[in-house]
2 protein chains.
Amino acid sequence: MSRQDVNVYILGCIVRPSIKQVALQAGVSIATVSRLMNQPDSVGIDTASKVYQAMKTLAFRPNFSGRNLRAGRSRTVGVVLPTFSNTVFAQCLQGLETVAREREYSVMVTATEYRQQDEAAAVELLLAHRVDGVILTVADAEASTTLDLLDHEKIPYVLVYNQPQQSVRPSVSVDNQLAAYDAVSKLIELGHRQIQMLAGHFHASDRALQRYHGYLQAMQQHGLEPLAPIEVARHTYTSLDFDYLQTFRDPSQRPSALFCSNDLLALSVMRDLRVLGLRVPDDVSVMGFDGIPLGELMDPMLSSVEQPSEQIGALALRTLVTAIEEQQEGHPTSVATHILPHTVRLGGSVKPFVQPFVKPFVQPVIQLFTTLP
Amino acid sequence: MSRQDVNVYILGCIVRPSIKQVALQAGVSIATVSRLMNQPDSVGIDTASKVYQAMKTLAFRPNFSGRNLRAGRSRTVGVVLPTFSNTVFAQCLQGLETVAREREYSVMVTATEYRQQDEAAAVELLLAHRVDGVILTVADAEASTTLDLLDHEKIPYVLVYNQPQQSVRPSVSVDNQLAAYDAVSKLIELGHRQIQMLAGHFHASDRALQRYHGYLQAMQQHGLEPLAPIEVARHTYTSLDFDYLQTFRDPSQRPSALFCSNDLLALSVMRDLRVLGLRVPDDVSVMGFDGIPLGELMDPMLSSVEQPSEQIGALALRTLVTAIEEQQEGHPTSVATHILPHTVRLGGSVKPFVQPFVKPFVQPVIQLFTTLP
DNA sequence: GTGAAAGCGCTAACAT
DNA sequence: ATGTTAGCGCTTTCAC
């Protein structure tokens, strides 16, 4: 062995030590070094300490590329979400990453920015990195060639937020239709009759469509006429474009309650209504979906369907790791569909609807007072 | 060559094809396949199409583990942030990931949950994966052994949000002290004299401390007595614990304006004040820091120091990639410190302070009215 | 323009 | 309990 094999410095440049240098330094074979990392118990106590010492002096750090290549696994999971700018997905990522760290998995992330056509490339890239599995939210879980690919290649994956109805696919979500049904039923219970749904493009979010079905179900079941949904060109923040609210200027034209497919949209529409001179909840009640933490800080508090995003992420990761490890041990693949409980949070953005048919008796008196300086 | 080398299926199980299978299928050497991926021009036109054809039929996907091991680079950057639950960091990640995708880099993420002691392990893990560089926010950029490690090992990195003052470290941030100074000066300009700062633990966020210095500077420069900052045990959402606001019940004890070290804290405190029966901005004005998009949707709109989080992420990634590629070409390492512009956004959560020294003239009349049924 | 061959760091089967 | 060795998939000289 040449001197360079021991030395960490070559031409003054740091060369990261490999197990080879460690083995040389400790006077053992590379197999021993490798074993110490994988099954520490299988190495003699004094040999072990020698190797640990060598690792320390050389500041050895294993090279996962080598390990992954050889072992055929990477202890890395891939994540594909529409965007991290929407708190819901960010929370999911947070929950997922926390559990990943516990389980000693790493996380590689991509965003599709709600573009269905970007899903395939995102997954391809992750697969090139040989991630052991994928956690993802797709535009449409039923008709997804990306999911078909994963199925075909037997790559473990878990959907988050998507809730496949026809196909059998591992997923973690709330029951979107039921949750929307509950929310709209609550509005109906509070006296609302004219309830309209507002959503991003349905083709970019099967969840939004499922929620719309829940809306329809609630309306029809209560003998109410469903209104055509308002589809806006975004899933997150508005850009102060009020065209979609033009009809709201006429009180007879506008619904008494608005059910939004997510909280960012709900908060945006509340702001837009405000700018238009309409009050929430006095003129329009607003119900969101997601239950983002910031909604609770609003005044009036945002009513919303709470879904446990961090837990969705956490459970998805646990489910994925289980699938990965089952697969590695040659077990049969079990497909688990987790439906987590939702709750309808009622805040000040929704108020009971009272038919405005009688003018209050005291109004003249009030008018007298208000004409005073 | 045995038949198995050509065949993608072994024992009914899919075996991912390598360049070896592709080469065999196309009747060329593995070197040609490799060259086609790296310098497509160096391969003959007809050979190329043969190889492409083989790749297609075999559904070939390069194995980055092999490539990374051999090439010594991974086209992957590591990201270490306090949490993804805070919109600010989520936005930064979004900006960063978008540019990474453009540049064909992958992103591996970790959260420290504001625990300084977790920073080292997070970076170690990323380095074991042989990321080409790291983007990170640390608790304290001046005294960070993690950053010293990166410096020592010559791993390119870029800080985000951190703004080192003494040490020379590549970073992308706003000028925290100046930004806080501007915000507090604005409050003073609006008549506020009793201004207090509220922050998470300073030892977990050097930015918060720099902002406190900005607060101090503004107060002193205007001849005002700084108040002791309120340090609360969190950086994100409150858990409805109002102890820290006890003194606010007494009007003579409370400041007229509160400057919060971030928006989540500001929104939380606004909610807490509301629950305590205090009105924002009538009883207390509130100014945040970060300029998260949701703050603009609030009513009253959250006043805040806007920092361009997505751009911070985007620029950090561009800077990092530049550093990585400079280093690979053996160029000298240039250290760029980017200070991005901030703006003080004034919303309804702040109102001019008027000394309540004269009782309004009409008060008796009002009292008369209010004693009516 | 193409091929042969070495080797990146590591694991695991086999040997002792 | 430890060493020897083959080879994971790829890039990159060095030949021709």
Side-chain angles (χ1 to χ4, degrees), chain A residues 1-2 4-5 8 10 15-51 54-55 58-76 127-130 132 328, chain B residues 1-2 4-5 8 10 15-51 54-55 58-76 127-130 132 328:
Chain A
M1 288 293 165
S2 75
Q4 286 188 350
D5 275 324
V8 185
I10 295 179
V15 156
R16 298 186 208 308
S18 68
I19 53 168
K20 200 164 144 193
Q21 342 278 337
V22 174
L24 197 58
Q25 173 87 5
V28 297
S29 76
I30 58 165
T32 303
V33 180
S34 176
R35 262 191 294 262
L36 190 62
M37 296 196 289
N38 298 296
Q39 302 116 23
D41 297 337
S42 68
V43 175
I45 181 74
D46 40 351
T47 317
S49 65
K50 263 194 312 185
V51 177
M55 283 179 169
L58 292 176
F60 170 75
R61 181 162 34 233
N63 183 332
F64 286 180
S65 295
R67 170 182 302 188
N68 299 346
L69 179 58
R70 173 62 224 231
R73 354 167 256 94
S74 58
R75 287 195 86 83
T76 301
L127 294 185
H129 279 288
R130 293 300 189 267
D132 293 339
Q328 276 161 7
Chain B
M1 288 292 165
S2 76
Q4 285 188 349
D5 276 325
V8 186
I10 293 179
V15 156
R16 298 187 208 306
S18 68
I19 52 168
K20 199 165 144 192
Q21 342 277 337
V22 174
L24 198 59
Q25 173 87 4
V28 297
S29 75
I30 59 166
T32 303
V33 180
S34 176
R35 263 192 292 262
L36 190 62
M37 296 196 290
N38 298 296
Q39 303 116 23
D41 296 337
S42 68
V43 175
I45 183 76
D46 39 352
T47 318
S49 65
K50 264 195 311 186
V51 177
M55 283 179 169
L58 293 176
F60 169 75
R61 182 161 34 233
N63 183 332
F64 286 180
S65 295
R67 169 181 303 187
N68 298 345
L69 178 58
R70 174 63 224 232
R73 352 168 258 94
S74 59
R75 286 195 87 84
T76 300
L127 294 185
H129 278 288
R130 293 300 189 268
D132 293 339
Q328 277 162 7

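Numbers restart at 1 for each chain; the letters A, B, ... are given by sequence-line order, proteins then strands.
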* Structure fact -> Picking from dC8(D), dC10(C), dG1(C), the nucleotide nearest the side-chain atoms of Pro62(A) would be dC10(C)

* Nucleotide dG3(D), atom C1' - distance to CG of Leu24(A) in whole Å -> 14 Å

Every protein N/O within reach of nucleotides 12-16 of chain D N/O, cut-off under 3.5 Å:
from: dT12(D); atom 1: O4'; to: Arg70(B); atom 2: NH2; distance (Å): 3.3

* To do: Can you measure from CG (Asn63(B)) to CG (Leu69(B)) and round to the nearest 0.5 angstrom?
  => 10.0 Å

* Asked: At under 4.0 Å between heavy atoms, what does Val43(B) touch on the DNA or RNA strands: base, sugar-phosphate, or nothing?
  -> sugar-phosphate

* Structure fact -> Whole-Å distance, Arg75(A) CZ to dT11(C) P, equals 12 Å

* Tell me, please, which residues at least two apart from Thr76(A) pass side-chain hydrogen bond (donor to acceptor under 3.5 Å, both in side chains). => none

* Euclidean distance, atom CE of residue Met37(A) to atom P of dA12(C) [Å, nearest integer] -> 11 Å

* To do: Taking Asp132(A) for its side chain and Arg73(A) for its backbone only, find out whether a donor-acceptor pair lies under 3.5 Å.
  => no

Quiz: residues 26-38 of chain A side-chain donor-acceptor pairs under 3.5 angstrom, not counting sequence neighbours:
from: Ser29(A); atom 1: OG; to: Ala31(A); atom 2: N; distance (Å): 3.4
from: Ser29(A); atom 1: OG; to: Thr32(A); atom 2: OG1; distance (Å): 3.4
from: Ser34(A); atom 1: OG; to: Asn38(A); atom 2: ND2; distance (Å): 3.3
from: Asn38(A); atom 1: ND2; to: Ser34(A); atom 2: O; distance (Å): 2.8

* **Ile19(B) side, atom CD1; Phe60(B) side, atom CZ - distance, nearest 0.5 Å** => 6.5 Å

* Rounded to the Å, how far apart are Ile19(A) CD1 and dT4(D) P? -> 13 Å

* What heavy-atom pair brings Pro62(B) and Arg67(B) nearest, and what distance separates the two atoms? -> CB-NH2, 3.8 Å

* Asked: Roughly how many Å is it from CD in Gln328(A) to P in dA12(C), rounded to a whole number?
  -> 11 Å

* When you check the phosphate oxygens OP1 and OP2 of dG3(D), does a side-chain N or O of Thr32(A) lie under 4.0 Å from one of them? -> yes

* For Arg67(B) and dT11(D), is the shortest distance between a side-chain N/O and OP1 or OP2 below 4.0 Å? -> yes

* To do: Please report, rounded to the nearest Å, how far the P atom of dT2(D) is from the CG atom of Asp41(A).
  => 13 Å

* Can any side-chain N or O of Ser65(A) pair as donor or acceptor with the backbone N or O of Ser65(B) at less than 3.5 Å? -> no

* 5'-most contact on DNA chain D: Leu69(A) or Val28(A), nearest heavy atom basis? -> Val28(A)

* Figure out the CE/C1' separation between Met55(B) and dC10(D), and round it to whole Å. => 12 Å

* Structure fact -> Rounded to whole Å, CG of Asn68(B) lies from P of dC8(D) at a distance of 18 Å

